[in-house]
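Structure first, then comments.
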Amino acid sequence: MGAPAKAGGDTVKCDIILCGVGGQGVLTVGAVIAMAAAADGLEVRQSEVHGMAQRGGAVLSHLRLSDTSVAADLIPRGCADLILSMEPLEGLRYLRWLKSDGVLLSAEEPFLNIADYPSPEILRAMLDKVPGARLVPAQSLAQQSGNRRAVNMVMVGAASIYLPISRLILRDTIARMFASKGNDVVARNLDALELGAASAAAQARSSS
Amino acid sequence: MPSGTNAPMTRVALLGDEALAQGAIDAGVSCAYGYPGTPSTEIMEYLRAAQERNGRPLARWSANEKTALEEALGVSLCGRRALVTMKHVGLNVAADPFINGALVDIRGGLVLAVADDPGMHSSQNEQDSRFYADFAKVPCLEPADQQQACDMMADAFDLSERFHVPVLVRMVTRLAHSRAPVQIRLPRPENPLQKTDNPGAWVLLPAAARQRWHRLLTLQEELAAAAESSVWNVETPGDAPWGVITTGLARNYFLENAPQLSPCPAHLHIGQYPLPVAALRRFAAGKSRLVVLEEGYPFVEERLPGILLSAVEIRGKKSGHVPVEGELDPDNIREVLELPNRPAALPVPQELPGRPPQLCRGCPHLDTFRFLADALNGRGPHLVASDIGCYSLGALPPLSAIETLVCMGASISMAVGAAEAGMANAVAVIGDSTFLHSGMTGLVDCVARRVPVTILILDNGTVGMTGAQETMLPSSALAPLVVGMGVPESHVRVVTPLPKHHDDNVRILQEELDYPGVSVIISRRECLEWARRQRREATP
Ligand code: SF4
């Protein structure tokens, strides 16, 4: 299951659909990955959602990383290497963007703010139809890291095994982002990153 | 995250909006004014952050887009450069100073950054601001990427000073809210304060206005010549017998697909208007077909038949080859490029439940809507006219609390109309910021004609929808303001929308609905998002 990779040997291209519900921190996840990618010398385009949708609605962001120039801010359909979702239903919503061997990586916990949210069985059945679907127990991993609010960093960590960005640079970016909040906060966010990465790596191994 | 530095030739990741703002700073803008509105808001937020850091430029939110543009006209008259920011519908509000501002003798460069919202992500329509520039007969620049958004600002100000007219820079949502690395240039110094030496050209009495109109008409040829030689209009040769014309972001969607086109069509990209007629004619010569890709209305496509010297087949939105509604994307332009649709790589689940935006849990508006519903219950026919802000979401079920959303400030005036048409229980629901933007004038009508309307001002102390900007006046100013406008003091009531006050609030509203005159109920509780932001800013 190859997500991004150095396609054709030497060009790097990684198209990511980031999604979730307004208020879940989709833009923060995007900002961390984009900053780290830029620090790693990649071209970055990140299309964001501002305004009305941020009020508890479905939020979608296109993030494109490449070592050559990126033409469009939006990812063509069927071309995304990775869907990174903060909750399962939103991940499924953008499946038509995913390429056939792409990875749908989602936090496991549903975000319930609508009456007609699918039942766990229906959700499971829909996810089972996606060969590249991986669920990350993001909230419990965040709890484990000692910071319930680090769900974002768990998801960045989980995504990191599919990203063409060195883990070192990712860690460095996070350290810089949280530097003003003290060493303790930095350490917990880095722990969350590693827990997410380990969880995703274990799943990738068991399904390959 | 706006970058802090303004050093020469640094490369920073900026949103399109931020790149445009940075370009204005680099172009030596002195004063910037605007009213918040998605997708334009981040332009001013970036400028305000710059002002906080460096003291310049002056960057201020205004009561509405019209006052913002008029303030900018004053800056220009004094020789300094001014930027005005707004969303597309804001230009409707500012249309009066815009159209007439084209007739005065612009001194310091005056640039309007207007952000259109194709796809209506956060707006009530898809209007295309290029038509406004055309209507006012002033140049329009349309960036295709973040770097252009930054670089075009220098040109926009220069054009404005060279031709003494305002210049419109047209943004669209996808560029406004997409981030990419941008190379920043050395800043140009601000213009010195120098009042116009041609004051007569600012007094548009009919005799002078006729002269100014004549001048604007004769200027058109020069504006067209400037577009012909503009670096923003770029032709790339190709080897197919047909050609592609793009504007704005459509360029990128075309380039995304171009590697799959063989032979590749020639490509003309247009970034500066009025349309470069000669360039279009040259480009069309010898081609059997032209494909036109543009975000918004078919502006170029509609004009082409009148420009081209011989009949060429034109394919685009008007011809039905490209969707007329919504945004362009890398997929929906494939048909007109004669490329097959990209097949869905995976089975896509049908019919997923939607997730529309909703009010924050605990939002004060929720409590207001609850007491409003209970107060109206059993009173028979009523109209709850409303307005634009977070509370617009009250139109959605299960709340279904409001019945109209047309344009900024319309709630009060529409309630007036309904009451005068004979509707009992005419209620207007309007936010504090929207009231100051353009609700006050409706209240003047109410008071002057003693129309029985009950106005609920939802005072959350901020512009919530666009990310909690401060309002023009503090909450404490609202009650004295409406009293000063002539609403009897005994019918100006301030309530707190909280569950524990629900019954009192229902009773107060019912009393005012019974009163056969104008009453104003100020429903006051802080926006949670605003409070959160205040706390964040308070912690070092
Ligand atoms: S941002 Fe403020 S006004 Fe808007 S829904 Fe949230 S709490 Fe209510």
Side-chain angles (χ1 to χ4, degrees), chain A residues 21-23 30-31 34-35 38 43-59 61-64 69-80 89-90 92-102 104 111 113-118 122 125-126 129-132 180, chain B residues 1 11 13 15-16 37-39 41-42 117 121-123 145-146 173-181 249 251-258 327-331 334 341-349 352-361 363 390 392-393 398 464-467 529 540:
Chain A
V21 181
M35 266 197 266
E43 278 296 315
V44 180
R45 284 283 184 103
Q46 189 193 357
S47 159
E48 303 182 347
V49 175
H50 297 201
M52 205 178 237
Q54 281 176 293
R55 300 269 158 275
V59 167
S61 166
H62 294 234
L63 178 57
R64 312 193 74 183
S69 69
V70 182
D73 300 84
L74 299 179
I75 300 168
R77 295 191 184 158
C79 294
L89 173 63
E90 295 310 314
L92 288 165
R93 198 182 297 287
Y94 305 106
L95 263 188
R96 62 184 166 172
W97 269 272
L98 196 63
K99 66 182 193 186
S100 52
D101 64 343
L104 163 58
F111 189 95
N113 70 341
I114 47 172
D116 47 355
Y117 197 95
I122 292 179
M126 287 193 285
K129 289 198 189 119
V130 185
S180 65
Chain B
M1 268 144 274
R11 206 162 174 262
L15 292 176
T38 314
T41 312
E42 294 79 6
D117 190 16
H121 295 275
S122 262
S123 307
D145 56 38
Q146 292 80 352
T173 306
R174 287 293 173 189
L175 178 56
H177 292 165
S178 175
R179 206 180 289 280
L249 281 188
R251 182 200 71 177
N252 309 343
Y253 302 138
F254 168 64
L255 293 179
E256 186 77 30
N257 286 296
E327 295 181 284
L328 298 181
D329 64 39
D331 290 291
R334 284 175 71 87
N341 273 336
R342 292 186 183 90
L346 293 157
V348 173
L352 290 181
R355 179 124 43 188
Q358 43 191 275
L359 294 168
C360 301
R361 208 165 294 170
C363 170
C390 284
S392 309
L393 296 172
M465 185 58 112
T466 48
E529 190 64 29

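Lettering of chains follows the sequences in order, A, B, ..., and the numbering in each one begins at 1.
When all heavy atoms of B:E256 and A:A71 are compared, the pair lying nearest together is OE1-CB, 3.6 Å.
For the options A:M126, A:E43, A:R93, heavy-atom pairs under 4.5 Å to chain B are most numerous at A:R93. Of the listed residues A:G78, A:G23, A:P76, the one with more heavy-atom pairs under 4.5 angstrom with chain B than any other is A:P76. The candidate from B:L346, B:L175, B:N341, B:D145 with the greatest count of non-hydrogen atom pairs under 4.5 Å with chain A is B:L346. Contact count versus chain A (heavy atoms, under 4.5 Å) is highest, among B:R342, B:R361, B:Q358, for B:Q358. Chosen from A:R64, A:K129, A:R96, the residue pairing most often with chain B at heavy-atom distances under 4.5 Å is A:R64. No other option in B:L352, B:T38, B:V348, B:L255 has as many heavy-atom pairs under 4.5 Å with chain A as B:L352. The greatest number of non-hydrogen atom pairs below 4.5 Å with chain A, out of B:E327, B:Q146, B:E529, is found for B:Q146. Comparing B:G354, B:G16, B:P398 by how many heavy-atom pairs each has under 4.5 Å with chain A, the most go to B:G354. For the options A:L92, A:I122, A:V130, heavy-atom pairs under 4.5 Å to chain B are most numerous at A:L92.
Atom OG of B:S122 sits about 9.5 Å away from atom CZ of A:R55, to the nearest 0.5 Å. To the nearest 0.5 Å, the span separating CD1 on A:I75 from CG on B:D331 amounts to 11.0 Å. To the nearest 0.5 Å, atom CG of residue B:N252 and atom CZ of residue A:R45 are 5.5 Å apart.
For B:C390, the part lying near chain A is the side chain, with the backbone staying farther off; criterion is any non-hydrogen pair under 4.5 Å. Proximity to chain A (any heavy atom under 4.5 Å) is shown, for B:N257, by neither the backbone nor the side chain. Looking at A:Y94, neither its backbone nor its side chain comes within 4.5 Å of chain B, counting heavy atoms on both sides.
Residues passing the side chain to side chain donor-acceptor pair (under 3.5 Å) test with A:S47, sequence neighbours excluded: B:R174. Looking at residues two or more places apart in sequence or on another chain, you find a ring-ring contact (aromatic ring centres under 6.0 Å, His included) between B:F254 and B:H267.
The shortest side-chain heavy-atom distance between A:L89 and B:P353 falls under the 4.5 Å cut-off. With a 4.5 Å cut-off on side-chain heavy atoms, A:N113 and B:R355 count as touching.
Using modelled atom types, no side-chain atom of A:R77 and backbone atom of B:P330 make a donor-acceptor pair closer than 3.5 Å.
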